[in-house]
Amino acid sequence: MQAVLDYLKANEPRFIRELCDYVRFPSVSAQSHHRPDTEAAARWLVDHCESIGLKASLCKTAGNPVVIARTARAGSSTKPRFLVYGHYDVQPAEPLELWKTPPFEPRIEGRSLFARGASDNKGQHLAHLNAVEAYLKTGTELPCELTFVVEGEEEVGSKNLAPFLRKNRTDLRCDAIVISDTGIPDLKHPALTYALRGIVALEVKLAGPSRDLHSGIYGGTVDNPAMALCRLLAQLRDKNGRITVPGLYDDVAPLSAYERKQLARIPFDAAAYRRSLGVPKLFGERGFTPQEQRAARPTLEINGLTSGYQGEGSKTIIPAWASAKLTFRLVPNQSPEHIRKLVEKHLKRLCPPTVRLEIEGGHGGEPYLVSPTSPLAQAGLRALKAAFGHEPVLLREGGSIPIVTDFKKVLGADALMLGLALPDDNAHSPNEKFSLDAFAKGMRMSALLWQELAGC
Ligand code: BES
Ligand code: MN
């Protein structure tokens, strides 16, 4: 085992160079013009996996390909089998002018590597690949069989991965899924995440006149779709931060006194948090702490809002349409299909007769909650403690990884979520970065994890 850890240390500069190569691909799944770049990232990953001694393939789906890479299988092996999940797609980098250096030209400053996708999620799954490489290249026997499943559509809802899992369920059967795609409060508090929020995404469009109209000639006689949309959206959340969609809270699992106590133990400074985000005052559902609001309560956000003229100067028009991209975050036991129906019904009821409502269904994902005391979780906690040198904490996270519930349903396997992202990594924001210390500790954690998992 020492040989593995020594190998990781000795090869760190090369691992960093390889991460730089990986993040140079603008694999933005939301933007179709990046489709070739996204496929190139997948091909780079296949080549990389092959070069470290894994058997790798690029698997076609209806969307972006899935990369499968596995350790060589002895026919009669009775070793436990684990999947490692990650995603090579990234969020759009816009607004580009807010990046200190271009998003796909990696820059190292101190112990941080800046680039879109460095933290979410290329650096995190590369840490696991580096650990496997260390085993294979030092001739150290792995106590388990590993299959990497790295997809290219996580950031757009993973809709082609569930069918892929169903088709390959025999081949992919395993004892558990290991995922590093969540966060830690800081390097002194490594974390096991045992819950994620679910999601419902949709686009709401209000269509008015058949074309943009002169706002002087026609203004006063027809409704303005942008105005109507503002009014409609403003009604979706009240001043206490509660979503107004009837029935939305019906299935929400209440927080137990025990969980509230545990959440309150996570290091959190509300004033520092507020300052770090640059807001004059925090806002959230009344009656809950910020930790509770973002981990265990449903929310609604407008992710994008578009209408009318957005160019330089002014243009006096009544826009023909207005649209908004919305996402609801869900908690156990809310169902995305049911919530989507409730939302659509409510929007139809609120829509005034002066405009036409069009709802485009986006993606969805179920909330996830798993026991933090299982033998699996205990093994994860031991590996975290040994690699980081600090006692780990248990987290519920507000983000979503839509495929985790499909892993459970299709493969019957639980997810062990051991993330490496820091709160100031700027995931989904300009100037995303990954901590090279988290990278190094993550590789060690992965190397130690296979020993812990095989023994449990
Ligand atoms: N890595 C995140 C998920 C995450 C972030 C979980 C922080 C916990 C803490 C992932 O890449 C992500 O951003 N997922 C999307 C999914 C959506 C597009 C379906 C999300 O949560 O917005
Ligand atoms: Mn993400």
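Every number for a ligand or one of its atoms is a count from 1 in the order of the listing.
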> Which heavy atom in Tyr249 sits nearest to a heavy atom in Pro298, and how many Å separate them?
Replying inline: CE2-CG, 3.8 Å
>> Keeping Asn431 on the side-chain end and Lys100 on the backbone end, is there a donor-acceptor pair under 3.5 Å?
In response: yes
> Do any of the N, O or S atoms of His428 sit under 2.8 Å from the Mn ion (ligand 2)?
Replying inline: yes
>> Less than 3.5 Å apart, any donor N or O on the side chain of Asp89 or Ser29 sitting next to an acceptor on the other?
In response: yes
> For ligand 1, is there an atom lying under 4.0 Å from some heavy atom of Arg329?
Replying inline: yes
> Met417 near ligand 1, heavy-atom distance under 4.0 Å?
Replying inline: no
> Out of Glu154, His428, Arg197, whose heavy atom is nearest to atom 10 (C) of ligand 1?
Replying inline: Glu154
> Looking only at protein heavy atoms, which one is nearest to atom 14 (N) of ligand 1, and how far off is it?
Replying inline: Ser400 O, 2.8 Å
> Would you call Glu39 and Arg35 a salt bridge, taking side-chain N to carboxylate O under 4.0 Å as the test?
Replying inline: yes
> Is the backbone of Leu83 close enough, under 3.5 Å, to the side chain of Thr147 for a donor and an acceptor to pair up by distance?
Replying inline: no
> Can you name the N/O/S atom of Asp120 that is nearest the Mn ion (ligand 2)?
Replying inline: OD2
>> I'd like to know if Lys409 pairs up with Glu366 as an ion pair, taking the criterion as any Lys NZ or Arg NE/NH1/NH2 lying under 4.0 Å from an Asp or Glu carboxylate oxygen.
In response: yes
> Quick check: does Gln91 get an N/O under 3.5 Å from an N/O on ligand 1?
Replying inline: no
>> How far is atom 19 (C) of ligand 1 from the closest protein heavy atom, and which atom is that?
In response: His363 CE1, 3.3 Å
> Based purely on interatomic distance, does His87 place a nitrogen or oxygen under 3.5 Å from a nitrogen or oxygen of ligand 1?
Replying inline: yes
> Sub-3.5 Å donor-acceptor pair from the side chain of Glu432 to the main-chain atoms of Gly117, do we have one?
Replying inline: yes
> Between His125 and Tyr22, is the gap from one ring center to the other below 6.0 Å?
Replying inline: yes
> So which N/O/S atom does Glu155 have closest to the Mn ion (ligand 2)?
Replying inline: OE2
> ligand 1 and Thr182, any nitrogen or oxygen pair closer than 3.5 angstrom?
Replying inline: no
> Which ligand 1 atoms, with their elements, are less than 4.0 angstrom from a heavy-atom of Glu155?
Replying inline: 11 (O), 12 (C), 13 (O), 14 (N), 15 (C), 18 (C)
> Looking only at heavy atoms, is any part of Asp181 under 4.0 Å from ligand 1, and if so is it the side chain, the backbone, or both, or is it neither?
Replying inline: both
>> Yes or no: does Pro402 have any heavy atom under 4.0 Å from an atom of ligand 1?
In response: yes
>> Under 4.0 Å between a side-chain nitrogen and a carboxylate oxygen: does that hold for Glu133 and Arg14?
In response: yes
>> Tell me whether Glu155 contacts the main-chain N or O of Val90 through its side chain, where contact means a donor paired with an acceptor under 3.5 Å.
In response: no
> Does Asn121 have a heavy atom less than 4.0 Å from any atom of ligand 1?
Replying inline: no
